[in-house]
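Only one structure is covered here, and it is reproduced in the block below.
Side chains are part of it too, since the values below use all heavy atoms of this structure and drop only hydrogens, waters and symmetry mates.
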Protein chains: 2
Amino acid sequence: MLPRMGATMLDIAKDLNVSVVTVSKVLSNKGNISSATRAKVLQKAKELNYQKNWIASSLVTRRTFTIGLLLPDFTHPFFGEIAKAIAEAVRPKGFHVIISYFEEDPALERTEAESLLARQVDGLILASSQPPQDSELFHSIQKRKVPFVLIDRPMEHVRSSFVGGDDVAIGRLATEHLVRQGCRRIAHLRGPGAGIAARRQEGYRTVLEKNKLPFHQVIEAGYDDYTGHEAMRQLLYASPLPDGVFCYNDPVAIGAMQAILEAGLQIPKDIAVVGAGNVHYSNVLAVPLTTVDQGTQQIGTRAAELLLEQIDSKRAVRPKKVLITPKLVVRQSTQRTV
Amino acid sequence: MLPRMGATMLDIAKDLNVSVVTVSKVLSNKGNISSATRAKVLQKAKELNYQKNWIASSLVTRRTFTIGLLLPDFTHPFFGEIAKAIAEAVRPKGFHVIISYFEEDPALERTEAESLLARQVDGLILASSQPPQDSELFHSIQKRKVPFVLIDRPMEHVRSSFVGGDDVAIGRLATEHLVRQGCRRIAHLRGPGAGIAARRQEGYRTVLEKNKLPFHQVIEAGYDDYTGHEAMRQLLYASPLPDGVFCYNDPVAIGAMQAILEAGLQIPKDIAVVGAGNVHYSNVLAVPLTTVDQGTQQIGTRAAELLLEQIDSKRAVRPKKVLITPKLVVRQSTQRTV
DNA sequence: GTGGTTTCCGGGTACGGTTGCGCGGATTTT
DNA sequence: AAAATCCGCGCAACCGTACCCGGAAACCAC
């Protein structure tokens, strides 16, 4: 036989000659129950150390108080912070978070999403890596009427809420800062793809235009420091050398700084460097890195809020697109004027 | 009315004039069902696009296929990697992971643990921050007969499985390496507390004794780079200066390196530095940091394996203590002989 | 007094998949 | 012919809550 659990509502009900329904109503504070009965039930519940069986409860309410979080990778501090902010935001409402990650593999992302849906999560938050034109996964989620919110990587043609960094503003903020520091030949190590990377590049471009500065080289790096190192080496072969570099993200910037230092140049005297993301350790590098903080925690918090809103109002809520305003964090890698 | 779900077993059963039980047995491959009936059921299930209701299933089996993971903080890459390894290890068995974290607050840890237990997780993995003498939480878990495994921070007097780094070996490995590099005045920036930090220090001490080297200064730092920076500055005031430093962990080592460089000294020529943990970015610092890899992924993987073992064999399993063998990762911060 | 309505308090039933046990019939063994 | 075995399948229980209902008392108007 299966191991017996603790006391159930039936135990309480039988002891008091009432029905389970009455017990349920008392314990969940619903319906009209006389205060005499109410007191007896509460008393007996405490006496038997009654603990609600959440599973039975979920069975009938179809609410698991669980939300699924699907991330490309959570060893990256960016996603770690998001996960933390989400967990914190939903905890007061009694929700828990199931985290899955899919290593940037779109196929794995789909199966993991299906797996979370099969577990009847009440909602889903995803930083998707589905190819831009493929919205099959999201249609599948929508068909099941499970609320979901996209974060970090918007999907233009998917009708859903989205929370992410304001990438154009990030590009602008970083580039404007370099201009103010006196840089005139500003290069850009852009990231891969047409989404986030393209918008950060756009912010970069608009600032150069506004300031009537000549375009300098734009080279495509990847997500990590190795690609940043490689891309920067390419830049250093060219002439004239840039006097400022806006890097797609902090790891790329770290790789770039390493290449600059290896070439015997100084930061920020010869070349100033700006990253984006404000990852941990940005301040303990050889040269502390100026960066643009994209408001990571806020992304998580807002996403959680939007999701809970949708879960609570069983009606379809109009999707909202939220862009978090970035903040410049100035450190030594751009401080030319001190 | 509550939103109807998809097809249920009852739908299949009625269509075929069999009982739900038969359908269940076919779909879960149990019991003796004729191949004719089996085929009909499978056919109809596919036809109706039947999806099992996991909640109803959990209700009766008392298995949720969910394990709880309780961490102090998962923005730290160390815990991120552990979480990832665990999720990966249990995924093939159909388990999901609910992550909670408690910001190093023992009281919050207790309520979060209770909360996970109330959700009927099948098992628990925890990196606990309960004070060493207080095993109330663990007794509470044991009373409910929920399998659990401790990681990273052992609790001496709790009868349970444990997986963690071999801290004495880490201290030995790091210190031996410094000795081999020719260091003769080896200092130690130890971490706080009597557990991990004390064992790493012990490894350090035994190597000094074995090599008949004089003890150099041991200063207590914290967990992060700020405390490492501060502790190193203290060391730099003293004389004679050390020619090698073994740091409790990588952040402390990073802070220490910064202090050394600020003092105008060279790494590793004047002072060699070893950290522990092999966190990301250890290789893109001003001077790439030699460190001891504590086998983070293995900790997660082994912990998951031990937990699944316990969950599968409903009997009480003899607790195992597993120490992962660390590996030295040599980088520039100790390369004096090249 | 009579009939209708409202209010208060509480119960019956369905929802879901799984498991131990049992049952009826067919086949094989004694 | 009686008994043992086996095969295929069903009954009931598990557990908390939404929905619907029912009985009793109170109240109102005539």
Side-chain angles (χ1 to χ4, degrees), chain A residues 1-42 44-45 48-66 94 117-120 122 144 314, chain B residues 1-42 44-45 48-66 94 118-120 122 314:
Chain A
M1 195 50 178
L2 256 42
R4 277 284 299 168
M5 317 246 40
T8 72
M9 284 190 175
L10 188 61
D11 298 327
I12 299 175
K14 276 200 288 208
D15 277 18
L16 299 175
N17 276 322
V18 294
S19 84
V20 233
V21 178
T22 307
V23 177
S24 170
K25 285 176 179 169
V26 169
L27 294 177
S28 57
N29 253 319
K30 286 180 183 168
N32 290 331
I33 305 295
S34 69
S35 56
T37 313
R38 173 179 302 276
K40 281 195 299 183
V41 170
L42 291 175
K44 186 60 86 179
L48 299 180
N49 188 28
Y50 170 77
Q51 304 264 31
K52 157 149 104 176
N53 183 331
W54 273 92
I55 311 225
S57 177
S58 293
L59 175 62
V60 54
T61 59
R62 278 127 170 82
R63 282 271 217 125
T64 56
F65 286 93
T66 303
L117 292 173
R119 290 183 92 85
Q120 267 118 306
D122 293 339
R144 307 200 197 200
K314 309 271 248 165
Chain B
M1 193 52 177
L2 256 42
R4 279 285 300 167
M5 319 245 42
T8 72
M9 284 188 174
L10 188 60
D11 299 326
I12 299 176
K14 277 199 289 206
D15 277 18
L16 300 175
N17 276 324
V18 294
S19 82
V20 223
V21 178
T22 307
V23 177
S24 169
K25 284 176 178 168
V26 170
L27 295 177
S28 58
N29 253 320
K30 286 178 184 169
N32 289 332
I33 305 294
S34 69
S35 56
T37 314
R38 173 180 302 278
K40 280 195 301 181
V41 170
L42 291 175
K44 187 58 90 176
L48 299 180
N49 188 28
Y50 169 77
Q51 304 265 32
K52 160 149 102 175
N53 183 331
W54 274 91
I55 310 214
S57 178
S58 293
L59 175 62
V60 54
T61 59
R62 278 125 169 84
R63 282 272 217 120
T64 56
F65 286 93
T66 304
R119 287 184 95 84
Q120 267 119 303
D122 293 339
K314 310 269 249 167

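- A donor-acceptor contact shorter than 3.5 Å is absent between the side chain of A:Asp122 and the backbone of A:Arg63.
- A:Lys52 meets the side-chain contact (heavy atoms from CB on, under 4.5 Å) test with A:Tyr50, A:Trp54, A:Ser57; sequence neighbours excluded.
- Looking at heavy-atom distances under 4.0 Å, B:Val23 makes no contact with the nucleic acid at all.
- The side chain of A:Asn53 approaches D:dC15 more closely than any other nucleotide in the set C:dG12, C:dT18, D:dC15.
- Spacing between atom CG of B:Leu59 and atom P of C:dG16 amounts to 12 Å, rounded to whole angstrom units.
- Remark: B:Ser24 is not in phosphate contact with C:dG17, judged by side-chain N or O atoms under 4.0 Å from OP1 or OP2.
- Between the CG atom of B:Leu16 and the C1' atom of D:dG8 there is a distance of 15 Å, rounded to whole Å.
- Phosphate contact (OP1/OP2 of C:dC9, side-chain N/O of A:Thr37, threshold under 4.0 Å): absent.
- Residue A:Lys52 places at least one side-chain N or O under 4.0 Å from the OP1 or OP2 atom of D:dT17.
- Distances shorter than 4.0 Å separate some side-chain N or O of B:Ser34 from OP1 or OP2 on D:dC9.
- Taking only side-chain nitrogens and oxygens, B:Ser19 comes nearer than 4.0 Å to OP1 or OP2 of D:dG10.
- When the C1' atom of D:dC6 is taken as reference, atom CD1 of B:Ile33 falls 14 Å away, rounded to whole Å.
- Per the geometry, CD1 belonging to B:Ile55 stands 16 Å off C1' belonging to D:dC14, to the nearest Å.
- If you measure from atom CZ of A:Arg62 to atom P of C:dC15, you get 9 Å, rounded to the nearest angstrom.
- Proximity of a side-chain donor or acceptor of A:Ser28 to a complementary backbone N or O of A:Ser24 within less than 3.5 Å is detected.
- Atom-to-atom, NZ of B:Lys30 to C1' of D:dC9 comes out at 17 Å; the value is rounded to the nearest Å.
- Shown here are the salt bridge (Lys or Arg N to Asp or Glu O under 4.0 Å) partners of A:Arg38, two or more places apart in sequence or in another chain: there are none.
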What are the atom names and distances for every N/O pair under 3.5 Å that joins the protein to nucleotides 22-25 of chain C?
none

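- The CG atom of A:Asn29 sits 16 Å away from the C1' atom of D:dG16 (whole-angstrom rounding).
- Under the rule for a salt bridge (Lys or Arg N to Asp or Glu O under 4.0 Å), the partners of A:Lys44 that lie at least two apart in sequence or sit in another chain are A:Asp15, A:Glu47.
- Under the rule for a salt bridge (Lys or Arg N to Asp or Glu O under 4.0 Å), B:Lys40 has no partner lying at least two apart in sequence or in another chain.
- At whole-Å resolution of the value, CZ in A:Arg38 and C1' in C:dG10 are 13 Å apart.
- Evaluation of the side-chain contact (heavy atoms from CB on, under 4.5 Å) rule for A:Thr66 yields A:Thr64, A:Ile98, A:Val121, B:Arg119 as partners, not counting sequence neighbours.
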